[in-house]
Amino acid sequence: MRIIFMGTPEFAVPALQALHDAAHEIVCVYTQPPRPAGRGKKLQPSPVQRRAEELGIEVRSPKSLKGEEAQAAFAALNADVAVVAAYGLILPQAVLDAPNYGCLNIHASILPRWRGAAPIHRAIMAGDEATGVTIMQMEAGLDTGPMLAKVHTPIEDKTTGELTEELAELGAQLMVEVLADLANIAPIAQDDDAATYAPKIDKAEARIDWSRPAEELVRHVQGLAPFPGAWCEIDGYRVKILRAEAVKGSDEPGKVLDYDLTIACGEGALRPLRLQRAGKPAMDRDDFLRGNPIAVGTKLA
């Protein structure tokens with residue numbers, strides 16, 4: 001098939017690669033423009049742009065698709081279908097309608113649960129037992145289009161980073177399967193009454209509230225790892241907790257209970273397993289404590 005691929009972050013790269021490996025003709029890749037990154041704030045191309053250039057595919061990075069010129073350039077590609085994976089721009093109706101089979105989205109949840117920008121984070125933070133990927137036909141609404149296929153996976157104790165990598169691979173393979181039989185797939189409408197929404201993560205959410213139960217805080221930690229990272233202040237400096245477990249223990253919330261850095265919560269206690277001090281690399285707890293000893297009785301903020 002003649003495919004336009006639209007994606008930006010690392011999550012979208014496996015899908016681009018899988019479509020290429022399946023011998024589809026990817027006529028163009030649309031991605032977000034290069035952004036400043038790193039200490040020098042030099043412009044850096046997106047992960048999708050880098051892979052597309054390695055594969056020798058034309059890359060376009062319009063700031064918007066609302067203009068007639070941009071829409072005409074998109075339509076002129078005469079694509080059979082557009083595949084979208086975390087692209088980052090709203091697609092106007094003229095763009096949605098241009099390919100013969102429209103635009104198909106790889107969405108990282110089991111729709112209609114977790115429509116929106118942060119479905120992986122929200123699924124972990126809410127304590128869902130499973131999540132997955134839905135391939136859907138895009139329409140003007142926010143992740144409201146009819147569904148073509150789904151694949152499930154258990155969440156267990158995975159972080160958002162780990163689950164993102166897994167769902168990226170699952171979504172890539174599922175999209176290849178869908179395109180192989182696209183003409184014969186009957187779309188299924190979503191149940192809007194069952195929909196939940198996954199708003200973008202606000203950095204203000206990342207601060208740990210030790211008055212919450214330990215089980216909730218473990219999900220909070222895992223759901224925000226590696227970015228933006230759940231954090232607290234220890235002796236005046238900021239530390240991200242990137243993995244944790246709930247254990248027995250009780251005292252004033254935020255108080256360090258032992259030399260393993262067990263921390264009292266509103267209910268139970270939390271023991272960090274991986275931490276990161278600002279400006280430093282992430283470390284397992286024992287390595288972190290060797291360089292950053294924390295006294296029993298310390299109160300975390």
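Note that R277 lies outside the cation-pi zone of F288, set by a 6.0 Å cut-off to the ring centre and a 45° limit from the axis.
In this structure, E233 and L300 have side chains that are not in contact, with every pair of non-hydrogen atoms separated by 4.5 Å or more.
Using a 3.5 Å distance cut-off with no hydrogens or angles, the side chains of T31 and S46 do pair a donor with an acceptor.
Screening V59, L77, L91 for a side-chain contact (heavy atoms from CB on, under 4.5 Å) with Y30, the sole residue that qualifies is L77.
Counting non-hydrogen atoms of other residues, nucleotides and ligands closer than 6.0 Å to CD of E156 gives a total above 12. Around the CD1 atom of I90, the shell of radius 6.0 Å holds no more than 12 heavy atoms that belong to other residues, nucleotides or ligands. In the displayed structure, E68 atom CD is contacted under 6.0 Å by at most 12 heavy atoms of other residues, nucleotides or ligands.
Formation of a donor-acceptor pair under 3.5 Å by the E166 side chain with backbone atoms of I155 is not found in this model.
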Working note: E58 + R60, criterion salt bridge (charged side-chain N to carboxylate O under 4.0 Å, His left out); need CA distance, chi angles, decisive distance, verdict.
CA-CA 7 Å; E58 178 190 352; R60 297 179 183 176; 2.9 Å; yes
Yes or no on salt bridge (charged side-chain N to carboxylate O under 4.0 Å, His left out) for D128 and R113, after CA distance, side-chain angles and deciding distance?
CA-CA 10 Å; D128 290 3; R113 186 162 178 79; 2.8 Å; yes
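For A269 against A214, the heavy-atom pair with the smallest separation is O-CB, 3.3 Å. Smallest separation of non-hydrogen atoms from P187 and P146: CB-CB, 3.7 Å.
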